**Q** 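Please find one structure pasted underneath; my questions will follow.
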Amino acid sequence: MIDDARIDVIVQQVMAELRQGERVRHGPQPELPVIIHPPAPSAPLRHGDNLFPDVDSAVAAANQAYRQLYDMPLSVLERMVSHIRRVSRENAQLLAHEAWQETGMGRYEDKIEKNLLNANKAAGTEILKPTSWTGDDGLTLVEYAPYGVIGSIIPSTNATSTVICNTIGMVAAGNAVIFNAHPGAKACSNHAVQLMNEAIVEAGGPANLVCAISKPTIETAQQIMRHPGVKLLTVTGGEGVVREAMKSGKRAICAGPGNPPVVVDETADLDQAGRGIVRGASFDNNIICTDEKEVFAVASIADELKRQMCRHGAIEIDNQQLNGLMKSIFKQIPPPGTPGLMNIAFIGKNASVLLKEIGIEVGDEIRLVLAEVERDHPLVWTEQMMPIIPLVRVSNADEGIDLAKEAERGFRHTAVMYSKNLDNLSRMARVIECSIFVKNGPSFAGVGYGGEGFCSFTIASPTGEGITNPISFSRIRRCVLKDHFRIV
Ligand code: NAD
């Protein structure tokens with residue numbers, strides 16, 4: 001049993017390392033303790049500033065800010081991005097707590113990590129490298145230009161971390177942004193937008209370069225989609241919002257749902273796989289789109305894999321217990337082999353809350369419920385967004401890969417494989433066709449958490465931008481000087 005003082009010491013260490021980017025470089029080493037301590041009291045949420053009552057006034061203000069920025073030196077833009085990162089780090093804990101309290105989903109300590117990860121590792125201006133060609137015919141220059149005002153529709157599940165990564169990426173490319181939060185997460189998301197605005201103003205940038213709708217709804221999201229002053233859309237959410245954005249007639253960067261499968265073959269390091277699956281599938285209680293959602297394990301190692309998962313914080317339930325739990329966690333249990341609608345009351349809740357439904361009392365150190373099922377079990381086909389993971393036994397890696405492809409349901413979002421067999425890894429990489437494919441690590445390594453590369457929580461698979469960054473939010477413009485300026 002860890003006492004409160006010890007927890008505080010560990011959390012402070014982790015936070016200090018994250019602030020310096022250390023944990024991000026080396027990956028998540030120690031198991032995080034369960035912490036429920038609230039941060040220092042929040043500054044009262046001010047209304048006004050960069051929150052607008054309607055879409056027209058938000059677009060007008062954002063457009064004015066965009067025009068002001070266009071005339072400012074690049075150094076201001078770079079300073080803005082570095083202030084946004086600092087303010088996001090300083091408020092990572094506060095925003096995590098607000099999101100956790102308001103949405104009732106996920107784990108507070110994981111939300112802190114999500115905020116810090118995006119503050120530290122979302123790509124900034126450094127990624128926008130101009131290209132040039134010179135020759136007998138002169139000089140041609142290609143640069144990344146802003147779109148103008150971007151409409152960004154954001155989810156409840158990453159309510160503050162999406163504000164951080166989208167602000168960094170969109171502002172680094174010189175754009176203004178109007179955020180439309182999920183109605184169930186508007187206070188924390190809008191507070192994050194206010195903090196981004198403050199950081200920009202502090203850095204000498206224009207007020208309202210990022211702004212938000214004070215009382216966002218689905219209707220205001222749709223008004224943003226249709227507004228002539230909004231030049232680019234970025235939507236992060238489920239199938240409904242993606243469908244709506246694609247009908248808008250505008251270019252839309254669509255970050256839709258996923259159902260990330262994991263394949264584990266007989267050559268895998270099972271300790272690594274067991275630990276990685278539990279860490280990945282339970283990260284923020286499975287509400288992140290990249291989190292592992294089902295496992296296909298080769299039969300010869302399935303028992304040992306389950307043992308390893310339980311050693312690393314999972315608890316296995318049997319078929320009868322699962323049948324009892326299904327009545328609670330599904331709104332309506334769908335037919336075999338099809339996805340269903342989950343019961344919102346259990347989305348993002350701790351494993352202990354799920355287990356209580358079937359009379360099992362555990363502490364919050366249990367991160368994940370594990371259930372072995374047949375391949376057509378609805379949990380395999382549903383994006384469950386709660387810490388329960390189905391495991392299906394397969395006879396070999398090929399069968400696992402083929403089933404993973406089916407269970408991923410064509411989202412082309414994220415997939416994971418644990419194997420030491422290069423042929424198997426290569427086959428899955430080609431077959432699965434996902435924006436993110438992680439080998440021998442948790443899915444979150446694919447967004448730079450304990451893996452190399454930049455981060456974003458807006459991962460656009462339907463429209464193909466993948467892990468979004470300032471290039472995704474840029475127009476590519478070419479300028480040609482005929483016959484001159486070659487210097488050799
Ligand atoms: P959601 O689809 O319910 O809501 C997302 C946003 O879209 C909200 O702001 C909501 O108000 C808006 N919205 C929903 N339907 C709309 C419509 N018809 N017209 C206009 N706006 C609409 O999603 P959620 O529950 O907040 O988030 C979870 C879902 O988002 C999961 O499916 C998850 O996989 C996905 N997600 C994907 C990514 C990614 O990067 N690909 C990141 C986070 C979440």
Side-chain angles (χ1 to χ4, degrees), residues 55 99 102-106 111 114 117-118 122 151-166 169 178-186 188-190 193 212-213 215-227 230 233-248 250 252-260 283-293 339-344 346-348 382-386 408-409 411-415 434-436 443-444 446-448 455-469 472:
V55 173
E102 184 179 5
T103 65
M105 295 189 290
K111 289 190 190 299
K114 284 164 53 172
L117 172 66
N118 283 287
S152 175
I153 317 297
I154 54 172
S156 56
T157 47
N158 302 328
T160 58
S161 42
T162 309
V163 172
I164 295 171
C165 65
N166 281 7
I178 299 172
F179 284 101
N180 197 86
H182 189 288
K186 61 176 179 290
C188 62
S189 292
N190 283 355
V193 178
I213 306 299
K215 292 195 183 119
T217 58
I218 291 199
E219 290 69 39
T220 56
Q222 291 173 353
Q223 285 166 19
I224 289 174
M225 290 179 186
R226 288 192 293 268
H227 199 290
V230 173
L233 294 174
T234 302
V235 303
T236 315
E239 286 178 282
V241 70
V242 168
R243 231 185 348 259
E244 201 65 33
M246 283 183 162
K247 288 196 310 211
S248 68
K250 292 196 165 90
I253 297 175
C254 295
N259 193 33
F283 192 34
D284 212 16
N285 282 344
N286 200 256
I287 58 174
I288 308 176
C289 56
T290 50
D291 285 344
E292 290 79 345
K293 301 285 190 290
L341 268 186
M342 302 308 293
N343 179 352
I344 199 162
F346 291 92
I347 289 183
T382 306
E383 189 191 27
Q384 65 271 42
M385 299 208 295
M386 53 185 77
E408 212 272 325
R409 292 174 41 211
F411 293 130
R412 301 197 287 182
H413 195 299
T414 297
C434 283
S435 298
I436 299 173
S443 60
F444 53 58
V447 285
C455 176
S456 165
F457 277 1
T458 293
I459 300 147
S461 299
T463 48
E465 291 80 4
I467 303 173
T468 50
N469 64 75
S472 322

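Order of listing sets the numbers, starting from 1, for every ligand and every atom in it. What you are looking at is a predicted structure, and each value in this text was computed from that prediction instead of being measured. In what follows, every heavy atom counts, from backbone to side chain, and hydrogens, waters and symmetry copies are set aside. We're numbering straight along the sequence, starting at 1.
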**Q** Using a 3.5 Å distance criterion without hydrogens, assess whether the side chain of Asn286 forms a donor-acceptor pair with backbone atoms of Glu292.
**A** yes
**Q** Do Ile459 and ligand 1 have an N or O pair less than 3.5 Å apart?
**A** yes
**Q** Could you tell me whether Ile154 approaches ligand 1 through its side chain, its backbone, both or neither, with non-hydrogen atoms closer than 4.0 Å?
**A** backbone
**Q** For Phe457, which residues count as a ring pair (Phe, Tyr, Trp, His ring centres under 6.0 Å) partner, sequence neighbours excluded?
**A** none
**Q** Side chain or backbone of Glu239 under 4.0 Å from ligand 1, or both, or neither, by non-hydrogen atoms?
**A** neither
**Q** Strictly under 4.0 Å, does any heavy atom of Pro216 approach an atom of ligand 1?
**A** no
**Q** Without swapping roles, check the side chain of Ser461 against the backbone of Arg412 for a donor-acceptor pair under 3.5 Å.
**A** yes
**Q** Starting from atom 44 (C) of ligand 1, which protein heavy atom do you reach first, and at what distance in Å?
**A** Thr157 OG1, 3.8 Å
**Q** Below 4.5 Å, heavy atoms only, C-beta onward: do Ser156 and Met105 meet side chain to side chain?
**A** yes
**Q** Would you find a donor on one side and an acceptor on the other, under 3.5 Å apart, between the side chain of Asn118 and the backbone of Cys165?
**A** no
**Q** Regarding atom 19 (N) of ligand 1: of the candidates Glu219, Lys247, Lys186, Gln222, which has the closest heavy atom?
**A** Gln222
**Q** Would you indicate which of Thr162, Val241, Ile347 comes nearest to atom 14 (C) of ligand 1 when only heavy atoms are counted?
**A** Val241
**Q** What residue and atom, counting heavy atoms only, is the protein's closest point to atom 11 (O) of ligand 1, and at what distance?
**A** Pro183 CD, 3.4 Å
**Q** Could you tell me if Thr468 and Ser456 have a donor-acceptor pair between their side chains, going purely by distance under 3.5 Å?
**A** yes
**Q** Looking at Lys186, is its backbone amide N or carbonyl O close enough to the side chain of Ser189 to form a donor-acceptor pair, meaning the two atoms are under 3.5 Å apart?
**A** no
**Q** Quick one: nearest non-hydrogen protein atom to atom 24 (P) of ligand 1, plus distance?
**A** Ser156 OG, 3.6 Å
**Q** Where do Ser152 and Thr234 land on the side-chain hydrogen bond (donor to acceptor under 3.5 Å, both in side chains) test, with the steps shown first?
**A** CA-CA 5 Å; Ser152 175; Thr234 302; 5.6 Å; no
**Q** Got the closest protein heavy atom to atom 10 (C) of ligand 1, with its distance?
**A** His182 CD2, 4.0 Å
**Q** Would you say His413 contacts ligand 1, with heavy atoms under 4.0 Å as the rule?
**A** yes
**Q** Starting from atom 33 (C) of ligand 1, find the nearest protein heavy-atom neighbour and note its residue, name and distance.
**A** Glu383 OE2, 3.4 Å
**Q** Side chains of Thr382 and Gln384: any donor to acceptor distance under 3.5 Å?
**A** no
**Q** What residue and heavy atom of the protein are closest to atom 39 (C) of ligand 1, and at what distance?
**A** Cys289 SG, 3.3 Å
**Q** Give the residue, atom name and distance (to 0.1 Å) of the protein heavy atom nearest atom 37 (C) of ligand 1.
**A** Gly256 O, 3.1 Å
**Q** List the closest protein heavy-atom neighbour of atom 1 (P) of ligand 1: residue, atom name, distance to the nearest 0.1 Å.
**A** Gly238 N, 3.9 Å
